[in-house]
Amino acid sequence: MTATIPTTVAPESAPRVRRRGNGAWRVVVLAVLGLYFLIPIAASVWYSSRSNGELTAEFYTGIPSAPGFAEAFGRSLTLAVLTVVISLLLMLPTMVLIDLRLPRLRSTVEILTLLPLVLPPIALVVGVRSVLAWAPDYFYGTPLADAFFALQEPSLPWILVLVYVVLALPFVYRALDAGIRSVDLKTLTEAARSLGASWPRVLVGVVLPVLRTSVLNAAFLTLALVLGEYTIAVILGFQTFPTWIVEIAGSQPQLSVSVSVLSLVVTWGLLLLISALDRRRAGKDS
């Protein structure tokens with residue numbers, strides 16, 4: 001007599017019930033958001049591409065030869081590059097050190113980097129302007145006064161770079177922190193150190209490739225911040241790309257709109273480039 005072994009049949013999982021309304025609402029929300037962004041841009045393009053009732057591209061082709069454009073844009077681009085370099089040199093080693101050796105200081109550094117979001121930029125720039133006006137009077141003829149004058153050189157105002165570094169700290173910290181939390185830096189650095197690599201080589205050859213996307217995100221956010229900042233530059237009396245756009249708007253409004261549209265397109269292009277590099281890296285890793 002053979003014993004029968006009872007078999008257990010797994011119950012079929014209940015079919016998922018799809019809510020038909022969710023897809024429609026998503027389409028509606030995306031459509032509204034798309035129109036919210038696209039309608040002003042389309043109106044700007046339409047306004048800047050018409051002259052005497054006819055379509056024209058003169059306001060776009062004439063941007064490079066516009067008076068003051070090359071100087072203002074070159075100055076802002078230089079300020080942006082210097083701000084990106086200083087911000088990364090300041091924050092990247094600091095955050096790697098905190099992650100590897102001083103994890104207890106993570107909260108303190110996070111709070112310190114968030115202070116520029118709490119302090120209004122107008123208050124910051126008023127304080128900076130007061131110091132710049134006060135220091136040369138008390139230290140005239142000394143190297144300190146010469147340093148203050150050098151910071152305010154119109155061709156390359158280093159004081160703007162220092163202020164922009166402070167303003168970019170929250171964005172640089174968040175971008176780098178997201179990348180550091182997603183990888184095991186301790187294991188990678190210990191492996192590199194055990195093979196005889198120095199700390200500078202570990203930082204350049206191990207940390208930077210792993211955090212490439214985070215570094216690019218931090219650089220992009222800083223670049224966008226500097227190229228779009230107006231208040232601090234105009235209060236301190238320096239001409240940058242945003243202040244030039246406002247100045248040219250009084251005499252050539254269509255040209256200023258066309259420059260704004262092109263700067264927005266360039267910003268989107270940089271964002272898409274970063275996304276493409278991130279996808280390419282993810283494909284290689286997989």
Side-chain angles (χ1 to χ4, degrees), residues 37-87 121-122 124-126 128-129 132-133 136 146-168 171 219-273:
F37 286 104
L38 292 178
I39 288 178
I41 297 175
S44 300
V45 173
W46 178 260
Y47 172 75
S48 59
S49 60
R50 294 183 64 83
S51 178
N52 297 325
E54 298 180 356
L55 293 176
T56 179
E58 61 177 331
F59 298 109
Y60 288 91
T61 57
I63 291 177
S65 60
F69 168 77
E71 183 180 1
F73 183 75
R75 183 178 298 111
S76 289
L77 194 60
T78 303
L79 294 175
V81 172
L82 292 174
T83 305
V84 169
V85 172
I86 295 176
S87 299
I122 187 67
L124 175 63
V125 69
V126 169
V128 171
R129 187 178 64 174
L132 293 177
D146 296 336
F148 274 95
F149 288 132
L151 289 176
Q152 304 176 68
E153 183 66 30
S155 59
L156 183 58
W158 280 92
I159 187 63
L160 288 182
V161 176
L162 299 179
V163 176
Y164 290 158
V165 167
V166 174
L167 294 179
F171 309 104
F220 167 76
L221 292 173
T222 305
L223 184 69
L225 172 68
V226 175
L227 293 181
E229 200 285 319
Y230 172 79
T231 304
I232 295 175
V234 73
I235 291 179
L236 294 181
F238 298 109
Q239 187 184 57
T240 57
F241 183 53
T243 61
W244 176 84
I245 293 178
V246 175
E247 292 176 3
I248 203 69
S251 58
Q252 303 182 54
Q254 289 174 294
L255 179 63
S256 66
V257 173
S258 62
V259 173
S260 302
V261 171
L262 280 183
S263 63
L264 183 61
V265 171
V266 171
T267 303
W268 283 359
L270 290 175
L271 182 60
L272 293 176
L273 179 61

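Counting begins at 1 with the first residue of the sequence. Computation of the quantities below employed the complete heavy-atom set of this structure, encompassing side-chain atoms and omitting hydrogens, waters and symmetry-equivalent molecules.
Pairing each heavy atom of S256 with each of I248, the nearest pair is CB-CG2, 3.5 Å. Between V226 and S76, the shortest heavy-atom distance links the atoms CG1-O, 3.9 Å. In this structure, R75 and Q239 approach most closely via the heavy-atom pair NH1-O, 2.7 Å. Taking both residues in full, the closest heavy atoms of T240 and A233 are given as OG1-CB, 3.6 Å, listed atom of the first, atom of the second, then distance. What you find for Q254 and S48 is that their closest heavy atoms are O-CB, 3.7 Å.
The list of ring pair (Phe, Tyr, Trp, His ring centres under 6.0 Å) pairs with a residue in residues 221-241, not counting sequence neighbours, reads F73-F241. Screening residues 154-165 for side chain to side chain donor-acceptor pair (under 3.5 Å) gives Y164-E229 as the qualifying pairs, with residues at least two apart or on separate chains.
Side chains of V261 and Y47 form no contact here, defined as non-hydrogen atoms less than 4.5 Å apart. Side-chain contact between V81 and L223 is absent, with no heavy atoms from C-beta onward closer than 4.5 Å. At least one side-chain heavy atom of L236 sits less than 4.5 Å from a side-chain heavy atom of V125.
With hydrogens and angles disregarded, a donor-acceptor distance shorter than 3.5 Å links the side chain of S258 to the backbone of F59. A donor-acceptor pair is defined here as one N or O able to donate and one able to accept, closer than 3.5 Å; no such pair exists between the side chain of S87 and the backbone of V84. For W244 (side chain) and A70 (main-chain N/O), no donor-acceptor pair under 3.5 Å exists by modelled atom type.
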Does I245 form a side chain to side chain contact (heavy atoms under 4.5 Å, CB included) with S260? I'd like the steps, not just the answer. CA-CA 8 Å; I245 293 178; S260 302; 3.8 Å; yes

Evaluate the criterion side chain to side chain contact (heavy atoms under 4.5 Å, CB included) for residue pair L156 and L79; output intermediate values, then yes/no. CA-CA 8 Å; L156 183 58; L79 294 175; 3.9 Å; yes

Audit row: L82, V165, side chain to side chain contact (heavy atoms under 4.5 Å, CB included) steps and yes/no: CA-CA 9 Å; L82 292 174; V165 167; over 6 Å; no

Test side chain to side chain contact (heavy atoms under 4.5 Å, CB included) applied to T222 and F171, step by step: CA-CA 7 Å; T222 305; F171 309 104; 5.6 Å; no

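Of the inter-residue distances, the one linking T243 atom OG1 with I232 atom CD1 reads 12.5 Å to the nearest 0.5 angstrom.
With V128 as the fixed residue, the side-chain contact (heavy atoms from CB on, under 4.5 Å) test singles out one of L151, L162, I159: I159.
The existence of a salt bridge linking R50 and E54 is excluded, since no basic side-chain nitrogen approaches an acidic carboxylate oxygen closer than 4.0 Å.
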